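So the structure is just underneath, and the comments pick up after that.
Residue numbers run from 1 in the order of the sequence given. What you see is a predicted model, and the numbers here were worked out from it, not measured in a lab.
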Amino acid sequence: MSALRWTVLDEAHQALRSAVAGVPSDGWQRPTPAGRWTVAQVLQHAAADQLAYAARLTGGPGPDYDPFEPSGTILGSPAELLETALTASAEAFAAVDPADAQVPVPLPPYTLTAARAVAAAALDAAVHAWDIAVATGRPSPLTPALAKALRPVADDVVEPLRGYAFASALEPAADADEADALLNHLGRRADWGR
């Protein structure tokens, strides 16, 4: 297994765990940068996305709800919901051959190289970690270094979903760092909540 692949996925998963762990008890219904969704809905969406990656890789069950229509009602512990999804994703990617050029993913273009597939799952987790953290008034867990590692895969997966899962790209500020530029590329205002 390539250390870089796991470094990116592990860092993104850890950012999402940290963001969810930091949500105050009254924070689940706060609005987020992710359009019309609350913090609870972003968590449900992020968990479903990781389960969808695992399902595509293993042929096992995916999420039992539409990731793009999360209810905002979390039954049980938010941390348990997330951990189940992150564990499934990490275990599924553990079986991927790093040399595989045709790894199935749950979004267009539906196959990516192994490194890009791992980065696509990491991109999803990292951006939703940012959504949750900034919505609850905390610093961004999306570091410039992580954003730089994820930017190449963003070019692969964003354009086919532009207008559906991603808004139009925004022009980054002249002094934007790698994280802000990535967020702008994904159609998010990097200064949201500042």
Give the minimum heavy-atom separation between [X] and [Y], together with the two atoms involved.
X: Ala19; Y: Ala133; result: CB-N, 4.2 Å
X: Asp156; Y: Pro109; result: O-CD, 4.0 Å
X: Pro63; Y: Ala52; result: CD-N, 3.9 Å
X: Arg151; Y: Leu182; result: CD-CD1, 3.9 Å
X: Val105; Y: Thr111; result: CG2-N, 3.8 Å
X: Trp192; Y: Thr32; result: CZ2-C, 3.6 Å

For [Y], is there any backbone N or O sitting under 3.5 Å from a side-chain donor or acceptor partner on [X]?
X: Asn184; Y: Arg188; value: yes
X: Gln41; Y: Pro70; value: yes
X: Arg116; Y: Pro152; value: yes

Minimum side-chain heavy-atom gap [X]-[Y] below 4.5 Å:
X: His13; Y: Leu9; answer: yes
X: Thr143; Y: Glu11; answer: yes
X: Leu43; Y: Leu81; answer: yes
X: Thr136; Y: Arg30; answer: yes
X: Asp177; Y: Pro144; answer: yes

What's the spacing between Leu183 CG and Trp130 CH2 if we round to 0.5 Å?
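Rounded to the nearest 0.5 Å, the CG-CH2 separation comes to 5.0 Å.
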Hey, what do you get for CD (Glu83) to OG (Ser77), rounding to the nearest 0.5 Å?
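With rounding to 0.5 Å, CD (Glu83) is 10.0 Å from OG (Ser77).
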Give the C-alpha distance, both sets of side-chain angles, the deciding distance and a yes or no for side-chain contact (heavy atoms from CB on, under 4.5 Å) between Leu57 and Val103.
CA-CA 7 Å; Leu57 290 168; Val103 174; 3.3 Å; yes
Does Glu80, at its CD atom, have more than 12 non-hydrogen atoms belonging to other residues, nucleotides or ligands within less than 6.0 Å?
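Open: at most 12 neighbouring heavy atoms sit under 6.0 Å from CD of Glu80.
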Contact list for residues 57-72, test side chain to side chain donor-acceptor pair (under 3.5 Å), sequence neighbours left out:
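Listed by first then second residue: Gln44-Ser71.
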Side-chain heavy atoms under 4.5 angstrom apart, residues restricted to Ile, Leu, Val, Met, Phe, Trp, Tyr: same cluster for [X] and [Y]?
X: Leu16; Y: Val134; answer: yes
X: Val42; Y: Val20; answer: yes
X: Ile132; Y: Phe166; answer: yes

Can you name the salt bridge (Lys or Arg N to Asp or Glu O under 4.0 Å) partners of Arg56, sequence neighbours left out?
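Partners of Arg56 by the salt bridge (Lys or Arg N to Asp or Glu O under 4.0 Å) criterion come out as none, since no residue qualifies.
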Name of the residue among Val127, Leu123, Asp124, Leu186 meeting side-chain contact (heavy atoms from CB on, under 4.5 Å) with Leu150
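When Val127, Leu123, Asp124, Leu186 are each tested with Leu150, the side-chain contact (heavy atoms from CB on, under 4.5 Å) holds only for Leu123.
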Taking ring pair (Phe, Tyr, Trp, His ring centres under 6.0 Å) as the cut-off, I'd like each qualifying pair that reaches into residues 35-63, sequence neighbours left out, listed once.
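Qualifying pairs, neighbours excluded: Trp37-His45, His45-Phe68, His45-His128.
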Trace of the side-chain contact (heavy atoms from CB on, under 4.5 Å) decision for Leu112 with Val157:
CA-CA 10 Å; Leu112 294 168; Val157 300; 4.1 Å; yes
